[in-house]
Amino acid sequence: MQLPENLQHIAQGLSQRLNSTMSGTARHLYRSQLLALVDGEARGALTEAGVTPTADLLRMITREVMDDLLGLGPIQILVDDPTVSEIMVNGPEQIWVERSGKLVETDSKFRNNDHVMEIINRIVEPLGRRIDVSSPMVDARLPDGSRVNAIIPPCSLLGPVITIRKFSKNPLTVEQLVGFGSFTAEMAEFLRACVDSKLNIVVSGGTGSGKTTLLNMLSSFIPDGERIVTIEDAAELKLNQRHVVPLESRPRDNEGNEPILIRDLVINALRMRPERIIIGECRGKEALDMLQAMNTGHDGSLTTLHANTPRDALSRLETMSMMAGLDLPVRVIREQIASAIDLIVQQTRLRDGKRKVTHITEVQGMEGDKIVLQDVFLFEEKGVSPEGGVLGAMKPTGTRPKFYERLVSSGNALPPHIFGDAMRGRF
């Protein structure tokens, strides 16, 4: 429940007064005393303003002040809201959220630019990161793993901007994603067999399409006991296996020490006796190192990248590999890609906000200078419902992948109906 606008000044006045008189350490050491103090101050302020201090009003004011003193100010209530998947602060006056795939502007506001900066610093300082005019961009994360990006003037022209990508405390299960219609039970069984058989898989998709959620789900298929090394810019993956070594890149720190890049961590991971390497997102020179790892015995690796189709994903991998600066011929890079990648899973956010797997595509190898792709499952769009929802169905294409024998030899033979009626009697 939002505090009535005519009483906002009471909460803001309490916050500013307490902010100026208490150190951050004291706030956390005496939370219960602070809560009682705020409650008493709120009662007095409401009475002075001629407003009856009802239980609801006291609860709202106390929460708003406590969020401002100890939490993330006006966006703390949004961080706590399970229906919100993303929070976007466009300067002090505009706060937007994503709910069910749709962007909605909220009534929440910061007091001014300084108030936004105070919250940004509260997020990044515990992580040893900084943001100022000389370093106006920063990536960070909240204690619950939610990813945070902040950018401030002079790069931002409307004041400090915060973007928070929230992640569920309990990763979505296969059954939940099937229930949401993200993919079918047959697709899930096929993907489980591919992960268990140590195929190298790329999850591609646009921003906010659900790549990390899908990567988490695929990771859950890895047998317990295998040594898994995860590599991310900001730790987002939540694996339940016992033998997991999470690594995180590091930007240039306050002392001017050199950054530790994803590429550095990929190279180091190869010396850590990994059975699986999972790269949260491949976006630069590390692509070539990842391909070489996949081609030198590190099967079962997983990663995500930004691309709109499986073919675009290959083009991006090619471009990123060229960024490594080794001056390799294009054909050599394509051969590396075709040899390393077994499967591309395309995740898409549709026009109605729903997220679906639209392609599961096999990388079959080279034919001349071109990499050959073959769809195994495909989403067929059939129109739009009267409510604006995208109509369609996910179906097998009737094609058995070339790597099917690898699935069988790994003990993951699949029934013919998984691949469609066209495959009956051909196994």
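Below, each value reflects all heavy atoms present in this structure, side chains not excepted, and no hydrogens, waters or symmetry copies.
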Donor-acceptor contacts, no H, no angles, side chain residues 149-157, under 3.5 Å, sequence neighbours left out:
unit_1 : atom_1 : unit_2 : atom_2 : d
Asn149 : ND2    : Asp139 : OD1    : 3.0
Ser156 : OG     : Gly159 : O      : 2.5

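- Judged purely by atom type and a 3.5 angstrom limit, Thr296 uses its side chain to pair as donor or acceptor with the backbone of Gln292.
- Between Arg129 and Glu125 no salt bridge is recorded (no basic side-chain N to carboxylate O distance below 4.0 Å).
- Distance alone, capped at 3.5 Å, is enough to place a donor-acceptor pair between the Ser321 side chain and the Leu317 backbone.
- Partners of His298 by ring-ring contact (aromatic ring centres under 6.0 Å, His included), not counting sequence neighbours: none found.
- Although no hydrogens or angles enter the test, the distance criterion places a donor-acceptor pair under 3.5 Å between the side chain of Asn200 and the main chain of Gly300.
- Nearest approach of Ile344 to Pro310, heavy atoms of both residues: CD1-O, 3.7 Å.
- A distance-only check finds a donor-acceptor pair linking the side chain of Arg122 to the backbone of Gly71 [under 3.5 Å].
- A pairwise comparison of heavy atoms in Ile231 and Ala269 identifies CD1-CB, 3.8 Å as the closest pair.
- The existence of a salt bridge linking Asp233 and Arg147 is excluded, since no basic side-chain nitrogen approaches an acidic carboxylate oxygen closer than 4.0 Å.
- Of all non-hydrogen atoms in Met320 and Cys282, the two that sit nearest each other are SD-O, 3.5 Å.
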Atom pairs and distances, side-chain donor-acceptor, residues 214-221, under 3.5 Å, sequence neighbours left out:
unit_1 : atom_1 : unit_2 : atom_2 : d
Asn216 : OD1    : Lys238 : N      : 3.0
Ser219 : OG     : Leu215 : O      : 2.8
Ser220 : OG     : Met217 : O      : 2.5

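- Distance alone, capped at 3.5 Å, is enough to place a donor-acceptor pair between the Asp352 side chain and the Val390 backbone.
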Arg406/Ser197 under side-chain hydrogen bond (donor to acceptor under 3.5 Å, both in side chains): CA gap, chis, key distance, verdict: CA-CA 7 Å; Arg406 285 180 60 185; Ser197 301; over 6 Å; no
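- One side chain, Thr358 or Thr348, offers a donor N or O that lies under 3.5 Å from an acceptor on the other.
- Scanning all heavy atoms of the two residues, the minimum distance from Leu407 to Ala193 falls at CD2-O, 3.7 Å.
- Checked by atom type, the side-chain pair Ser204/Gln346 shows a donor-acceptor distance below 3.5 Å.
- For the pair Arg192 and Glu189, the salt-bridge criterion is met [side-chain N within less than 4.0 Å of a carboxylate O].
- Looking at Gln347, its side chain does come within 3.5 Å of a backbone N or O of Ser209 through a donor-acceptor pair.
- Between Lys198 and Asp342 there is no salt bridge, since none of the side-chain N atoms of the basic residue sits less than 4.0 Å from a carboxylate O of the acidic one.
- By the 4.0 Å N-to-carboxylate-O rule, Glu98 lies close enough to Arg355 to be salt-bridged with it.
- Looking at Ser146, its side chain never comes within 3.5 Å of a backbone N or O of Ile164 through a donor-acceptor pair.
- Here Lys109 does not pair with Asp107 in a salt bridge; the nearest charged N to carboxylate O distance is not below 4.0 Å.
- Between the Lys211 side chain and the Gly280 main chain, no donor and acceptor come within less than 3.5 Å of each other.
- Every pair passing salt bridge (charged side-chain N to carboxylate O under 4.0 Å, His left out) that includes a residue from residues 260-270 is listed here, sequence neighbours excluded: Arg263-Asp289.
- Partners of Phe190 according to the ring-ring contact (aromatic ring centres under 6.0 Å, His included) rule, which considers only residues two or more places apart in sequence or in another chain, are Phe377, Phe419.
- Under the salt bridge (charged side-chain N to carboxylate O under 4.0 Å, His left out) criterion, no residue pair touches residues 179-188, with sequence neighbours excluded.
- In this structure, the separation between CG on Asn113 and CG on Leu158 is 9.0 Å, given to the nearest 0.5 Å.
- Put simply, the side chain of Arg250 gets close to the backbone of Glu258: a donor and an acceptor are under 3.5 Å apart.
- Under 4.0 Å is where a charged nitrogen must lie from a carboxylate oxygen, and between Glu275 and Arg227 no such pair does.
- Asn412 and Ser410 share no donor-acceptor pair across their side chains, judged by distance under 3.5 Å alone.
- Scanning all heavy atoms of the two residues, the minimum distance from Pro223 to Arg276 falls at CD-NH2, 3.8 Å.
- The closest side-chain donor-acceptor pair between Asp375 and Thr361 falls under 3.5 angstrom.
- Salt bridge annotation for Lys402-Glu362: absent, with no cationic side-chain nitrogen under 4.0 angstrom from a carboxylate oxygen.
- A donor-acceptor contact shorter than 3.5 Å is absent between the side chain of Tyr404 and the backbone of Ala413.
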